[in-house]
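Presented below is the structure to which this report refers.
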Amino acid sequence: MLKHSNTTLEKKLLQNPLCVNIETVLKNLSFSKKRTKQMNLFLCSMIVIIIFILEFILFLTGGVSSYIHLMYIPIILAVFLFGTPCGMLTALFAGLLVGPILPSNIQKGIMQEPHTWILRIVMFVVVVLFDGLLISFIKKNNDLENRNAYLDIITGYPNFNKFKFDLNECINEGLNKTFSIMIFELENFETISRYVDHKTGQQAFTTLLHRAKEYFSSNAIYTISSNKFIVVFSKYTTQDAYNLAKNFITLTKAPFYINGIPIAIVVKCGADNFSLHNNNIISIIEKLGKALDQAHTSSTDIMFYNNELAEHSKKYYHTLVSIYQGIHNNTFRLVYQPKVRLRDNKLIGVEVLLRWNDDSYRNFPISEVIKIAEDAEFINEITKWVIRNSISQLKTWQDQGLEINIAINLSSKDLMDNTVLEYTKECINLYKINPRFLEFELTERSIIHDENRVFEILKEFQTLGIKVSLDDYGTGHNSLVYLVKSIFTFNYLKIDKLFTDSIMDENTKILLDGIIKAAHGLGIEVIAEGVETIEQLHILETIGCDIIQGYYYSKPLPPKELEGFILNYSESVF
Ligand code: C2E
Ligand code: CA
Ligand code: CA
């Protein structure tokens, strides 16, 4: 049923990618509403009635008088409503009615001289001609303006205004029909424009539009931005429209040539079925946009609007905005979890952990906050907030005579450039602290991008005197590899809580024993995370673990409580 000669279409497009037939497109546009037959009959009758009423008035007022000039009204109306030929007929008809059959003075029985009424008819005709010219001039200008307002300047296809206009017409007419409407996007338009040139990007999009025009034949197509167009499938069932769109996207995957350059395009499509009688234009556009977003995130070519996904995205977006605002409206705070060195039982430092106290997001896991901020690419902002606030806290503690190290978590996107490094230097200078009190923890995930660059930045941290730990050790893919990197050596290795949890298991114990020995051989100290019981602590002690962190000593604490903890701890140890 849906047959298309792709090879001829292809050939045509390759030869002349910009073959827009503007005239064909214009012909398809209809701006003036068509009057019904009944409406025409009514208007025609009104004109005739007006003429007879005026004739009657002239008879009542005693013959030809200045009222005769009122006859121009129905004549001008006729030209305006039905054009010059009809105006001509009306002029003749009215001229004859107020001509030979109307006396010049009824009381005295004086008839009009023939030259008087003939001249009057000529005057009527002249007014018709003049009026006709004026009206056609105004209409032409109006049409041109409408066309400019409804056509996309670059592609020559009907634009978004026309889409809104047409859809509103259907909605206003209460058309009880369901349409599949699809929005197509040339996803790599920006890439083509950037890496080839802008003109080629435009040509690629116009070529895509021509293909769509041929492929979707009689269904209406509208350009709605520099890389998106909409197709209204009024002539197909949903399934046919879907199949057609799917085949169309498959066809577009084959690269084609523009000015001798091979161009590969990527097309995404968002779709929905709309029953026009209970929809408004804004909700249609919104749903199409969301469906397109869903096509992007789900990595499929075509996605029909899914309400659940849309609700989920909406919630996700609200959370994302709240997190971003949290950086500025004090909904973030920091807590500190002590680390104890087993050799001398000394509390040597704390890990800085972020907390989010937003009333609408109680118990929202901080690891989720970090992930959302990473995905939305503003994790740098959060990291900087943590760095500044924890260094400021460190300064306060130092001023109180409390010497403590702080370990700050870095996320995977923090080391893609050296902005975090530079910011840390600024804070060190601002608060005048010694960098040896600072430590950064990063997981293996942070090293996936440009490994050498990451190690260069880490080396710079160490040159400043800052220590660097490999966090969540054992949960990544390259744990061992990173330990033996010749250009960089971590100061600490943090064994993940997963291992601590199963430390009572003999195999885990043997494995950890080996890891700790290897780390010591490389000059790296080992920290065990998530230690909760004395039994775990004893085993870790026997296999040579250096530092312990976990609920066994303390949960992460706010600054004041940590101060109390440190005081109690020193008294109990010494
Ligand atoms: P992490 O860096 O591995 O931090 C240790 C996590 O284990 C913390 O969870 C801590 O509260 C928890 N923990 C410590 N000891 C115990 C224990 O004995 N038992 C149990 N059950 N849990 C323990 P938290 O604070 O929920 O943080 C989760 C993760 O979120 C962190 O894992 C880290 O990856 C990330 N995170 C937290 N704060 C920051 C931050 O400021 N920046 C970045 N980039 N990530 C952060
Ligand atoms: Ca950590
Ligand atoms: Ca960890």
Side-chain angles (χ1 to χ4, degrees), residues 323 326-327 331-340 347 349-357 361-394 405-416 419-420 423-424 427 438-447 454 467-476 479 490-503 526-537 540 545 547-559 561-562 565:
I323 294 173
I327 305 170
T331 47
F332 282 120
R333 67 187 176 93
L334 294 175
V335 288
Y336 302 84
Q337 188 178 32
K339 294 179 191 171
V340 173
L347 196 153
V350 288
E351 176 175 1
V352 182
L353 292 157
L354 189 64
R355 291 292 175 262
W356 190 35
N357 287 0
Y361 296 91
R362 287 182 192 281
N363 303 323
F364 197 86
I366 197 67
S367 47
E368 266 304 297
V369 171
I370 301 293
K371 189 169 177 327
I372 291 173
E374 278 176 355
D375 291 345
E377 314 243 325
F378 63 83
I379 186 66
N380 257 223
E381 299 293 309
I382 292 189
T383 305
K384 284 180 183 171
W385 187 91
V386 174
I387 291 174
R388 188 183 174 123
N389 283 277
S390 55
I391 290 184
S392 148
Q393 181 61 59
L394 178 72
N405 300 313
I406 58 166
I408 298 165
N409 285 287
L410 287 185
S411 117
S412 61
K413 293 195 174 148
D414 284 330
L415 295 176
M416 285 171 70
T419 50
V420 165
Y423 190 76
T424 309
C427 290
L438 290 183
E439 177 185 328
F440 281 108
E441 297 187 4
L442 72 146
T443 62
E444 290 159 51
R445 276 178 293 122
S446 321
I447 311 172
V454 169
K467 294 179 197 70
V468 184
S469 314
L470 183 57
D471 202 355
D472 297 350
Y473 185 80
T475 57
S479 304
F490 286 95
N491 300 87
Y492 300 104
L493 178 158
K494 294 189 81 176
I495 294 170
D496 194 73
K497 185 173 178 299
L498 270 178
F499 293 102
T500 311
D501 285 345
S502 61
I503 192 96
V526 179
I527 304 171
E529 287 191 302
V531 179
E532 293 179 345
T533 65
I534 184 93
E535 291 80 12
Q536 290 173 333
L537 188 137
L540 285 161
C545 180
I547 296 159
I548 298 288
Q549 179 185 346
Y551 291 177
Y552 174 73
Y553 285 110
S554 168
K555 287 195 168 185
L557 300 170
E561 287 178 37
L562 182 83
F565 176 86

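When a ligand or atom number is given, it counts from 1 through the structure's own listing order.
- Excluding waters, the set of protein N/O/S atoms under 3.0 Å from the Ca ion (ligand 3) reads D471 OD1, D472 OD1, E529 OE1, E529 OE2.
- A donor-acceptor pair under 3.5 Å is formed between the side chain of S390 and the backbone N or O of I387.
- Residues S412 and E374 approach most closely at N-OE2, 3.5 Å, considering heavy atoms.
- Formation of a donor-acceptor pair under 3.5 Å by the K494 side chain with backbone atoms of I527 is not found in this model.
- Formation of a donor-acceptor pair under 3.5 Å by the N491 side chain with backbone atoms of V468 is found in this model.
- Looking at Q337, its side chain never comes within 3.5 Å of a backbone N or O of L353 through a donor-acceptor pair.
- Side-chain atoms of T383 never come within 3.5 Å of backbone atoms of L410 as a donor-acceptor pair (strictly under, hydrogens ignored).
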Checklist entry - Should T475 and D496 be marked as a side chain to side chain donor-acceptor pair (under 3.5 Å) after you check the CA-CA gap, both sets of side-chain angles, and the distance that decides it? => result CA-CA 7 Å; T475 57; D496 194 73; 4.8 Å; no
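- At distances below 3.5 Å, at least one donor-acceptor pair connects side-chain atoms of N409 with backbone N or O atoms of V352.
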N/O to N/O under 3.5 Å, ligand 1 against protein:
from: ligand 1; atom 1: 2 (O); to: E351; atom 2: OE2; distance (Å): 3.1
from: ligand 1; atom 1: 2 (O); to: N409; atom 2: OD1; distance (Å): 3.1
from: ligand 1; atom 1: 2 (O); to: D471; atom 2: OD2; distance (Å): 3.1
from: ligand 1; atom 1: 3 (O); to: D472; atom 2: OD1; distance (Å): 3.3
from: ligand 1; atom 1: 3 (O); to: E529; atom 2: OE2; distance (Å): 3.4
from: ligand 1; atom 1: 15 (N); to: Q337; atom 2: NE2; distance (Å): 3.0
from: ligand 1; atom 1: 18 (O); to: Y551; atom 2: N; distance (Å): 2.8
from: ligand 1; atom 1: 19 (N); to: E532; atom 2: OE2; distance (Å): 2.5
from: ligand 1; atom 1: 21 (N); to: E532; atom 2: OE2; distance (Å): 3.2
from: ligand 1; atom 1: 22 (N); to: Y551; atom 2: OH; distance (Å): 3.3
from: ligand 1; atom 1: 25 (O); to: R355; atom 2: NH1; distance (Å): 2.9
from: ligand 1; atom 1: 25 (O); to: R355; atom 2: NH2; distance (Å): 2.9
from: ligand 1; atom 1: 38 (N); to: L354; atom 2: N; distance (Å): 3.1

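- Rounded to 10 degrees, the OE2-metal-OD1 angle spanning E351 and N409 at the Ca ion (ligand 2) equals 90°.
- Contact detail for E532 and Y551: the closest heavy-atom pair is OE2-CD1, 3.8 Å.
- At least one donor-acceptor pair under 3.5 Å links the side chain of Q536 to the backbone N or O of T533.
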